[in-house]
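Below is one structure, written out as structure tokens; the observations come after it.
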Amino acid sequence: MKSKYQKIKGTFDILPPETQLWQEIETIIHQTCQQFGFEEIRTPAVEFVNLFQENIGYETDVSKEMFGWQDQSGKQLALKPEMTAPVVRAYIESGFFRKHPLCRLYYIDSLFRREKPQKGRQRQFNQFGIEAFGSRNSEQDAEIILIANKLFKDLKINNTRLSINSIGSPEIRTKYEVVLKKYFNQNANKLSKVSKKRLEKNPIRILDSKEKEDQSIIKNAPLIKEFISKDDGVHFNEVLSHLKALGIQYNENPHLVRGLDYYNGTTFEITTNSQQSQNALCGGGRYDFLVEKMGGPKVPAVGFAAGIERMMLESKQQPTNKSIDVYISCNDIKHASKGFKIIKEITDNGYKIFFDTNKKNVKNQIKDAIKNKASSILIIDDKILIRNLNSKKENIVSESQILSLLKKQ
RNA sequence: GUGGAUGUAGCUCAGUUGGUUAGAGCCCCGGCUUGUGGAGCCGGCUGUCGUGGGUUCGAGUCCCAUCAUCCACCCCA
């Protein structure tokens, strides 16, 4: 219907029965994360804007796409566009690092980015993610990937592809970018139009190009692998051997990079093979220097974030059928107190009811009860009648008999 | 941010080269019938044709603007 008010662009309501699917998916996420000893963290929707600008990078798109404003006291605030920076902030601010040398957190939360909406890309969207602080060892990278892998399986998402790479430290990346830019500039005349445009702003993206004419140039481009330290190389090989041990298929992609400034070392991405343009379901990696950079102790970390809406587009998970145990008909107000007493008793005993407060006539209530998959209908009038809608048996009962009769059915 | 497409009932859609009171199916509500039971039959409700201008004797239909959605680029989860 035409409404006086409408929702903000890029936002959406989640209505039943879809909310049920969300609940089920969230339950799976909670269970799986907790199975691996991760604990949930919740952070505020709003943060000071510099938390993001200074840590995900001023020049990144995510930073530019923030919903930000100045509040009444002149503070610069923003709705959170990503979760890692807030989680790290909370981790440091709470002193958690003292209590838990190995600290494992997960979240399910709404994030906000002022992008142009399209399928799989909203302005308010939901991510879940995990962050493991305190271990620099390759086993931690592998555990994170294992959890992501298990979650995708548990959520009945098939046709995914894990790409993995090691990108070294931020300094090495800067060096690499200079070399790469030089290389592409030497071959600029052979590059596609799109890639020429990227040359200045984002040369690393050229490596991702799908244009045919770019392929041979990309093939011979210098790889970041050639620049990373020996330790990083050893670490990366360890991660790969853990994945082999786990039987997790991966695709080593020397061109894979991340869009946020804080990553280093292992990076990975899970994409779907279906033809969606927004095919990145999950992205993550190491960020060993972020905690210290944000004023905390020297603590290494690794984590990932996954887009829930995108996963739902891929998930074969179906909402389980909801059903009602007892449909309640109590149409005469003079029996209301008796009716409520009964309702209270059977709900206290765990039964799921539907009370037709609209007071349709009994005939239509029966139809309604069947349509809504009720097991039985309780008709409260001068007498109390309970009818099992599966066996079609009905009994006239006293108030005290109702529970024992329900239990028998 | 750039480009393209689309907006008619709660949903899915019809609506002829512009021509009277704008339609169907599903959903919802009610009645009849079938043993008060998922079917069948009958009836009922719902629309500023996204919004605002313009052209015209006349606009759901043509033009402009605007908003929203979808698709692609870009980027990302």
Side-chain angles (χ1 to χ4, degrees), chain A residues 1-12 15 56-57 59-66 80-84 107-130 148 151-152 157 160 192-195 197-198 201-202 204-206 208-211 256-260 263 267-272 275-285 303-314 327 329 356 358-377 379 385 387-394:
Chain A
M1 194 139 89
K2 206 150 303 138
S3 167
K4 188 173 164 189
Y5 305 104
Q6 61 184 182
K7 60 184 169 294
I8 289 173
K9 182 186 205 156
T11 66
F12 54 98
L15 307 169
I56 65 183
E59 287 307 311
T60 57
D61 287 290
V62 172
S63 184
K64 288 174 188 159
E65 287 164 351
M66 275 190 285
K80 54 185 171 188
E82 65 102 49
M83 270 305 276
T84 301
Y107 57 83
I108 301 176
D109 215 334
S110 285
L111 303 176
F112 305 84
R113 294 182 195 172
R114 228 193 110 80
E115 299 185 278
K116 188 153 172 179
Q118 68 186 67
K119 194 176 196 119
R121 194 168 81 180
Q122 280 83 28
R123 287 184 169 188
Q124 176 176 355
F125 62 103
N126 295 280
Q127 278 190 351
F128 82 85
I130 69 182
L151 265 164
F152 277 77
I157 299 167
T160 58
S192 68
K193 249 191 190 169
V194 207
S195 292
K197 251 196 238 163
R198 284 176 180 150
K201 199 186 133 206
N202 198 353
I204 292 176
R205 277 288 294 176
I206 298 176
D208 238 5
S209 166
K210 279 151 204 127
E211 305 291 322
L256 177 71
V257 287
R258 307 261 77 236
L260 305 176
Y263 284 108
T267 57
F268 67 95
E269 196 169 272
I270 296 175
T271 52
T272 167
Q275 289 174 342
Q276 312 276 355
S277 65
Q278 307 300 327
N279 65 353
L281 301 179
C282 171
F304 71 75
I308 297 180
E309 288 82 0
R310 288 185 189 179
M311 295 192 319
M312 290 185 74
L313 290 171
E314 295 298 316
Y327 189 105
S329 161
D356 177 35
N358 249 353
K359 304 195 205 175
K360 289 196 277 212
N361 68 47
V362 173
K363 195 170 158 180
N364 285 329
Q365 284 175 328
I366 292 171
K367 281 190 182 175
D368 200 32
I370 290 157
K371 198 165 63 186
N372 288 295
K373 303 196 174 76
S375 315
S376 37
I377 180 165
I379 298 162
L385 190 142
R387 181 182 177 90
N388 185 311
L389 293 167
N390 300 314
S391 67
K392 301 185 182 182
K393 278 182 193 151
E394 63 183 35

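Residue numbers start from 1 in every chain, and the chains themselves are labelled A, B, ... in the order their sequence lines are given, proteins ahead of strands.
The side chain of A:Lys363 contributes no N or O atom lying less than 4.0 Å from OP1 or OP2 of B:G31. The phosphate of B:A77 has neither OP1 nor OP2 within less than 4.0 Å of any side-chain N or O from A:Asn279. At B:G1, none of the side-chain N or O atoms of A:Lys116 fall inside 4.0 Å of OP1 or OP2 (strictly under the cut-off). Taking 4.0 angstrom as the limit, A:Lys119 places a side-chain polar atom (N or O) nearer than this to OP1 or OP2 of B:C71. For A:Asn361, a side-chain nitrogen or oxygen approaches OP1 or OP2 of B:G31 to under 4.0 Å.
As rounded to whole Å, 13 Å separates atom C1' of B:A77 from atom CE of A:Met83.
Heavy atoms of A:Phe304 sit nowhere under 4.0 angstrom from any nucleic acid atom. Using a 4.0 Å heavy-atom cutoff across all strands shown, A:Asn126 reaches no nucleic acid atom at all. Among the protein residues, A:Lys360 comes within range of the sugar-phosphate backbone only, with heavy atoms under 4.0 Å from sugar or phosphate atoms but none that close to a base. Note on A:Gly284: nothing from the nucleic acid sits closer than 4.0 angstrom, heavy atoms only. As judged by a 4.0 angstrom heavy-atom cut-off over every strand, A:Glu269 is placed among residues making no nucleic acid contact. Counting non-hydrogen atoms under 4.0 angstrom, A:Ile366 reaches a base of the nucleic acid. In this structure, A:Leu389 reaches the bases: a heavy-atom distance under 4.0 Å links it to at least one base atom across the strands shown.
Here B:A5 sits opposite B:U69 as a Watson-Crick or G-U wobble pair (both hydrogen-bonding atom distances under 3.5 Å). Judged by Watson-Crick or G-U wobble contacts below 3.5 Å, the nucleotide B:G35 has no partner. Of the nucleotides present, B:G10 is the one that pairs with B:C26 by Watson-Crick or G-U wobble criteria, both distances under 3.5 Å.
Of the candidate nucleotides B:G37, B:C75, B:G30, B:C75 has the atom lying nearest to any side-chain atom of A:Asp61. Listed nucleotides B:G31, B:A77, B:G37 differ in distance to A:Arg113; the shortest reach to its side chain belongs to B:A77. Nearest to the side chain of A:Gln118, among B:C28, B:G30, B:C74, sits B:C74. Checking B:G30, B:C32, B:A77 against the side-chain heavy atoms of A:Asn364 singles out B:G30 as nearest. Which of B:A68, B:U36, B:G38 sits closest to the side chain of A:Ile370 comes down to B:G38.
Taking the C1' atoms as reference points, B:G47 lies 15 Å from B:C13, given to the whole Å.
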